[in-house]
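Since this is a predicted model, take the numbers as computed values, not measurements.
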Amino acid sequence: MRKIIFVTGNAHKIKEAVFILSQRGITVEQNNCGYPELQEDELEKIAAYGAEWAANKLGSEVMVDDSGMFIRALGGFPGPYSAYVFDTLGNERILKLMEGETDRKAVFRCVIGYCIPGEKARLFTGEVDGEISLVGRGDAGFGYDPIFAVGGRTFGEMGDDEKNRLSHRYRALLKFAEWLNEGKENYIN
Ligand code: ITT
């Protein structure tokens, strides 16, 4: 098994990454050292900076995950500010902002940053189209899961199994795992 250090303070992300990556021969170990989250307008820049910073600090290869929910009717808000907005407004206030809005389309995006000390980060992105529900539904998962729906069901209503087969994180981690495993095969041959 290939082991990767995942630098995040979010235990739910670890649980999802373990679920997805263990099936692909990759073990995940959490490191809580944190990294400076740039107030940037692109998830890619935040993930690249975080991965490079953490790899150099820990002296080992690492992965980080920067995710955000982009609501079309709100011009992509909260997007790269999703963590701050979740902490300050939360789901109920977002639903209030969306009251009376008929365009409920939203996209959840995940950027995985992977870095070896002294090198540039590599990025793997995944996204899933969805809709902001009219009310919060379901208590599974975390964060925006109760208000982000795919195919009529919120992530909060889905079990781990269902979310982890179609989520933004699943799609990004799948690309990451394929790339890691290809590298490994090339190395063995
Ligand atoms: P780290 O930066 O320590 O990894 P975080 O929770 O701050 O953890 P993000 O900045 O990537 O992570 O997350 C932005 C916000 O979006 C935050 O409030 C998360 O709870 C939320 N979020 C991220 N992924 C999510 C998912 O799969 N489902 C629901 N909410 C999610």
At their closest point, which heavy atom of [X] faces which heavy atom of [Y], and how far apart are they?
X    : Y    : answer
V62  : A51  : CG2-O, 3.5 Å
M63  : L21  : SD-CD1, 4.3 Å
S67  : H168 : OG-CD2, 4.2 Å
N181 : R24  : ND2-O, 3.0 Å
V150 : D129 : CG2-O, 3.9 Å
P117 : A55  : CG-O, 3.5 Å

Is there a chain of hydrophobic side chains (I, L, V, M, F, W, Y, each step under 4.5 Å between heavy atoms) that links [X] to [Y]?
X    : Y    : result
W179 : L123 : no
Y170 : V28  : yes
L174 : F19  : yes
I116 : V111 : no
V64  : I4   : no

Please determine if [X] and [Y] form a salt bridge, counting it only when a charged side-chain N lies under 4.0 Å from a carboxylate O.
X    : Y    : value
R169 : E127 : no
K45  : E40  : yes
K96  : E99  : yes
K163 : D145 : yes
R153 : E162 : yes
R72  : E131 : no

Name each donor-acceptor pair under 3.5 Å that joins a side chain in residues 73-80 to protein atoms two or more places apart or in another chain, with its distance.
none

So, taking the atom named [atom1] in [X] and the one named [atom2] in [Y], what distance separates them when rounded to the nearest 0.5 Å?
X    : Y    : atom1 : atom2 : value
Y84  : Y81  : OH    : OH    : 11.5 Å
K175 : L173 : NZ    : CG    : 11.0 Å
I132 : L97  : CD1   : CG    : 11.0 Å
C110 : L43  : SG    : CG    : 8.5 Å
I46  : D66  : CD1   : CG    : 4.5 Å
E101 : L134 : CD    : CG    : 11.0 Å

Is the backbone of [Y] close enough, under 3.5 Å, to the side chain of [X] for a donor and an acceptor to pair up by distance?
X    : Y    : result
K13  : D65  : yes
R104 : S133 : yes
E52  : A121 : yes
N56  : G118 : yes
T154 : F148 : no
D103 : K105 : yes

Worksheet item: Under 6.0 Å from the CG atom of N32, do we count more than 12 heavy atoms belonging to anything else shown?
Response: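 Count over threshold, so yes.
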Worksheet item: With K57, which residues qualify under salt bridge (Lys or Arg N to Asp or Glu O under 4.0 Å), at least two apart?
Response: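 Here no residue qualifies.
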Worksheet item: Going through the distances and angles, do R171 and V128 end up as a side chain to side chain contact (heavy atoms under 4.5 Å, CB included)?
Response: CA-CA 8 Å; R171 291 174 183 177; V128 60; 3.9 Å; yes
Discussion item. If you apply the rule side chain to side chain contact (heavy atoms under 4.5 Å, CB included), what do you find for I71 with M98, and how did you get there?
Written reply: CA-CA 9 Å; I71 303 176; M98 290 292 288; 3.7 Å; yes
Discussion item. Could you check, using the six-membered ring where one of them is a Trp, whether F124 and Y114 have ring centers closer than 6.0 angstrom?
Written reply: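 So the answer is no for these two rings.
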Tell me, do [X] and [Y] make a side-chain contact under 4.5 Å, heavy atoms counted?
X   : Y   : answer
V7  : L58 : yes
M1  : I26 : no
W53 : P36 : yes

Discussion item. Checking S60 against I5 for the side chain to side chain contact (heavy atoms under 4.5 Å, CB included) test, could you report, in this order, the C-alpha distance in whole Å, the side-chain angles of both residues, the deciding distance, and whether it holds?
Written reply: CA-CA 8 Å; S60 72; I5 296 175; 3.4 Å; yes
Item to complete: Give me the one residue out of F6, F155, F142, Y144 that meets ring pair (Phe, Tyr, Trp, His ring centres under 6.0 Å) with H12.
Response: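 Filter result, single survivor: F142.
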Worksheet item: Step by step, would you call Q30 with T8 a side chain to side chain contact (heavy atoms under 4.5 Å, CB included)?
Response: CA-CA 7 Å; Q30 181 175 13; T8 176; 4.3 Å; yes
